[in-house]
Amino acid sequence: MESEFAHEIDGAFALLQDVTGTLNQCRVDFVVVGGWVTYLFHRNHFGHPGTYDADILLNAQSLDDGTFTSATDKLLSKGYLRA
C-alpha cells in the first residue's frame with residue numbers, strides 16, 4: 001500500500017492537525033504536550049524528535065461539559081479507534 005505522504009513525519013503531522021482541528025471544532029480545551037512541542041516551536045533549531053504519536057492534555061472541564069464526548073464521536077466516525 002502506497003502512502004499519500006512523502007515522509008512519515010508528514011503523515012504524523014497530518015494526524016496531529018486532524019485531531020487538534022477536530023478538538024478545536026468541538027471546543028475542547030486542550031494543549032499539545034510531548035515531543036511535538038519542540039517541533040512546533042523550535043523546528044529550525046532541533047528538528048523532529050522522532051515521535052509520531054500525538055500527546056494531548058485535556059482540561060477536566062472538557063470531560064464534564066460534553067465537548068470531549070462530542071469530539072470523540074467525530075473522531076470515531078472518521079475511523080479513529082479508542083486505545
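These figures come from a predicted structure and were not determined experimentally. We number each residue from 1, following the sequence as shown.
The OG1 atom of Thr69 sits 9.5 Å away from atom CG of Asp64, with the distance rounded to the nearest 0.5 Å.
Through direct or indirect side-chain contacts shorter than 4.5 Å among Ile, Leu, Val, Met, Phe, Trp and Tyr, Leu57 is connected to Val31, Val33.
Tyr80 and Leu58 fall within a single hydrophobic cluster, where Ile, Leu, Val, Met, Phe, Trp and Tyr are joined by side-chain heavy atoms under 4.5 Å apart, directly or via other members.
A salt bridge links Asp18 to Lys78: one of the charged nitrogens lies within less than 4.0 Å of a carboxylate oxygen.
Summarising the geometry of Leu63 relative to Phe68, their closest heavy-atom pair is CD2-CD2, 3.6 Å, with the distance given to 0.1 Å. The heavy-atom pair separating Ala12 from Trp36 by the smallest distance is CB-CZ2, 3.7 Å.
Atom CD of Gln17 is surrounded by more than 12 heavy atoms from other residues, nucleotides or ligands within 6.0 Å.
Looking at Asp29 and Thr67, their side chains never come closer than 4.5 Å, going by heavy atoms from C-beta outward.
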